[in-house]
Number of protein chains: 2
Amino acid sequence: MSAVLAFKPVPRTIYMSKAEAPSGARKFEVTCSSCNLRELCLPGALAAEDMARAENLVYARRRVKRGEALFQAGAEFNAVYAIRSGFFKTGLVDGEGREQVTGFFMGGELIGMDGIGTGTYHGSAIALEDSEVCILPYTLIEEMAREVPALQRHLHAVLAREIVRDHGVMMLLGSMRAEERLATFLINLSKRFVRRGYSASDFHLRMTREEIGSYLGLKLETVSRLFSKFQDEELIEVEQKHVRILDIAGLERVLAGK
Amino acid sequence: MSAVLAFKPVPRTIYMSKAEAPSGARKFEVTCSSCNLRELCLPGALAAEDMARAENLVYARRRVKRGEALFQAGAEFNAVYAIRSGFFKTGLVDGEGREQVTGFFMGGELIGMDGIGTGTYHGSAIALEDSEVCILPYTLIEEMAREVPALQRHLHAVLAREIVRDHGVMMLLGSMRAEERLATFLINLSKRFVRRGYSASDFHLRMTREEIGSYLGLKLETVSRLFSKFQDEELIEVEQKHVRILDIAGLERVLAGK
DNA sequence: CGACCTTTTGAACGTATTCAACCGATGTGG
DNA sequence: CCACATCGGTTGAATACGTTCAAAAGGTCG
């Protein structure tokens with residue numbers, strides 16, 4: 001359908017991990033314990049001793065330029081990725097060509113878990129800005145999860161958290177009206193930015209109206225109209241991709257059905 | 001909102017596992033290796049020697065009567081359940097009282113994984129007919145996953161499969177029209193019944209139109225109308241909860257946008 | 001600077017919802 | 001065991017919400 005979402009396989013240069021992370025440099029660069037996203041990430045929430053071992057999970061890093069795929073649906077699965085910086089969307093295309101954005105992901109969040117079990121990624125992940133990810137090879141994760149119970153537990157928690165997140169999206173898509181969906185989306189983004197030390201009320205949308213629409217089960221025109229409406233109601237200020245939330249309580253009131 | 005979906009906490013008798021499975025009897029009764037759902041279940045797909053160990057995963061069984069909750073949202077998490085017989089719906093209620101059915105589950109399928117990580121179940125599971133489940137205590141799963149790599153891998157696969165399933169539902173809710181949703185639903189049910197040795201074309205719906213509607217993001221009247229429409233088009237025959245698929249290819253054509 | 005992509009807004013339209021009435025099935029208590 | 005109440009399902013008519021089609025303006029990038 002639309003090439004805009006770009007979830008379909010396209011020929012592109014694959015950034016080899018080796019290129020970014022020469023074996024010599026790696027050990028010094030890759031230190032989860034000093035990463036400021038440590039609290040949010042997979043190796044996070046581990047005791048100091050475990051953390052030291054968990055650092056070996058990160059095989060290397062990889063840079064992904066805006067518009068590029070970190071992985072494509074159907075590609076061979078062998079690693080999960082932790083976002084170190086940047087912003088991604090994940091999504092899939094079905095047999096009839098329908099596209100669906102399944103999520104937006106930022107620093108400290110893990111993507112690629114949909115590949116576990118089948119050996120191929122089920123969906124695609126595309127960078128919405130120049131990004132960098134830590135590569136966590138699945139065989140390493142498996143191994144270490146056996147040896148470090150805290151990591152095992154944490155891994156399960158991360159997988160379960162994704163399931164819970166998905167159920168939230170189902171609620172959004174299945175039971176909310178358009179306004180409620182967009183309000184939920186903005187509140188959710190705001191919360192996630194805050195946890196990362198950014199402003200709760202003032203941020204830059206990395207995705208297009210079409211991508212927001214796909215995620216929320218709406219058309220891009222509807223998303224645009226709703227932004228204008230929220231602006232008229234003085235809940236937010238929008239100028240292109242820049243959003244400023246003026247009245248969080250007001251947005252929450254939208255959720256409560258006015 | 002509606003008491004119909006019954007996802008809200010209600011006082012009810014909890015069936016104690018001990019009552020169903022006196023410690024003496026248990027060992028003889030609970031044998032995954034002879035269970036006919038073994039292929040689909042968690043201990044499934046393990047080599048004979050691993051299977052013997054994995055059987056210890058099943059702490060006990062529990063019967064759940066139609067209409068009863070296997071677990072409620074917010075209840076303390078300590079086990080995952082494998083459905084041995086019967087039929088369940090899972091769902092949740094948000095802060096505003098919106099209800100969303102997140103899935104329907106049948107023999108051999110696992111539910112309750114949304115409780116991993118947080119210590120409490122995120123959603124509820126309610127039996128749509130008298131059912132029996134195997135109780136897999138999470139601490140046991142953790143332990144054995146460390147010792148039996150095949151089980152570890154299988155567990156991850158089950159969790160990932162749930163994520164993939166959820167993404168499919170997002171696609172359904174976000175990108176499909178009402179007819180396409182119902183056709184997808186029927187085709188999916190049909191496939192799952194076949195794998196369990198039931199007819200692909202002739203089955204009994206355990207859920208109400210309202211529950212189907214909630215799952216598909218539609219109102220019950222719309223679901224009812226669509227059933228009638230499909231019947232008029234000679235794709236199916238419906239009489240109350242009994243469905244007979246007359247033209248699977250026709251249903252698949254509905255998905256393809258006619 | 002020019003081509004293309006993204007966003008906005010209007011007007012007409014269509015799909016699914018809402019409200020309402022009715023029927024049949026199911027289950028309970030007298 | 002039947003009567004009656006309740007629940008689940010169907011269908012019609014009016015309505016509403018979000019979509020579609022269209023045009024134009026504003027950004028962005030090579």
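Below, chains carry the letters A, B, ... as their sequence lines are ordered, and counting in each starts from 1. Just so you know, these numbers use all the heavy atoms, side chains as well, and skip hydrogens, waters and symmetry mates.
E221(A) comes within 4.0 angstrom of a nucleotide base, judged by non-hydrogen atoms across all strands. G217(B) comes within 4.0 angstrom of the backbone, heavy atoms only, and of no base.
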- [ ] Go through the steps to decide whether E239(B) and R244(B) satisfy the test salt bridge (Lys or Arg N to Asp or Glu O under 4.0 Å), and finish with yes or no.
- [x] CA-CA 9 Å; E239(B) 195 187 346; R244(B) 174 189 284 261; over 6 Å; no

- [ ] Determine, step by step, whether R62(B) and E132(B) satisfy the salt bridge (Lys or Arg N to Asp or Glu O under 4.0 Å) criterion, reporting the C-alpha distance in whole Å, the side-chain angles of both residues, the deciding distance to 0.1 Å, and the verdict.
- [x] CA-CA 6 Å; R62(B) 178 174 152 195; E132(B) 193 175 13; over 6 Å; no

Open item on the list: Could you walk me through whether R165(A) and E162(A) satisfy the salt bridge (Lys or Arg N to Asp or Glu O under 4.0 Å) test, starting with their C-alpha distance in whole Å, then the side-chain angles of each, then the deciding distance to 0.1 Å, before giving a yes or no?
Closed with: CA-CA 5 Å; R165(A) 188 192 72 83; E162(A) 175 66 15; 3.1 Å; yes

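Within the 4.0 Å cut-off from OP1 or OP2 of dT11(D), not a single side-chain nitrogen or oxygen of R225(B) is found. Between K219(A) and dT20(D), a side-chain N or O to OP1/OP2 separation shorter than 4.0 Å is present. For dT9(C), neither phosphate oxygen OP1 nor OP2 lies less than 4.0 angstrom from any side-chain nitrogen or oxygen of S224(A). Phosphate contact (OP1/OP2 of dT9(C), side-chain N/O of S228(A), threshold under 4.0 Å): present. Checking the phosphate oxygens (OP1, OP2) of dG9(D), a side-chain nitrogen or oxygen of K241(B) falls inside 4.0 Å.
Nucleotide dT8(C) holds its C1' atom 9 Å from the CZ atom of R209(A), rounded to whole Å. With rounding to whole Å, L220(B) atom CG is found 12 Å from dT11(D) atom C1'. Regarding R66(A), its CZ atom lies at a distance of 13 Å from the C1' atom of dG30(D), rounded to whole Å. In this structure, the CD atom of E179(A) is 13 Å from the P atom of dT19(D), given to the nearest Å. The distance from atom CZ of R181(A) to atom P of dC17(D) is 13 Å, rounded to the nearest whole Å. Between L216(A) atom CG and dT19(D) atom C1' there is a gap of 15 Å when expressed in whole angstrom units. Rounded to whole Å, atom C1' of dG18(D) lies 16 Å from atom CG of L173(B). When rounded to the nearest whole Å, the span between CD1 of I212(A) and P of dT6(C) equals 13 Å.
Here the nucleotide nearest the side chain of L218(A), chosen from dG8(D), dT11(D), dT19(D), is dT19(D).
Taking for each of M207(B) and A178(A) the nucleotide of DNA chain D with the nearest heavy atom, the 5'-most of the two is the partner of M207(B). Mapped onto DNA chain C by nearest heavy atom, V238(A) and R177(B) fall at different nucleotides, with V238(A) at the one closer to the 5' end.
Test R66(A), R206(A), H204(A), K65(A) against E129(A) for side chain to side chain donor-acceptor pair (under 3.5 Å) and you get one pass: R206(A). Here the options are K89(A), R161(A), R196(A), the test is salt bridge (charged side-chain N to carboxylate O under 4.0 Å, His left out), and the partner is E109(A); only R196(A) passes.
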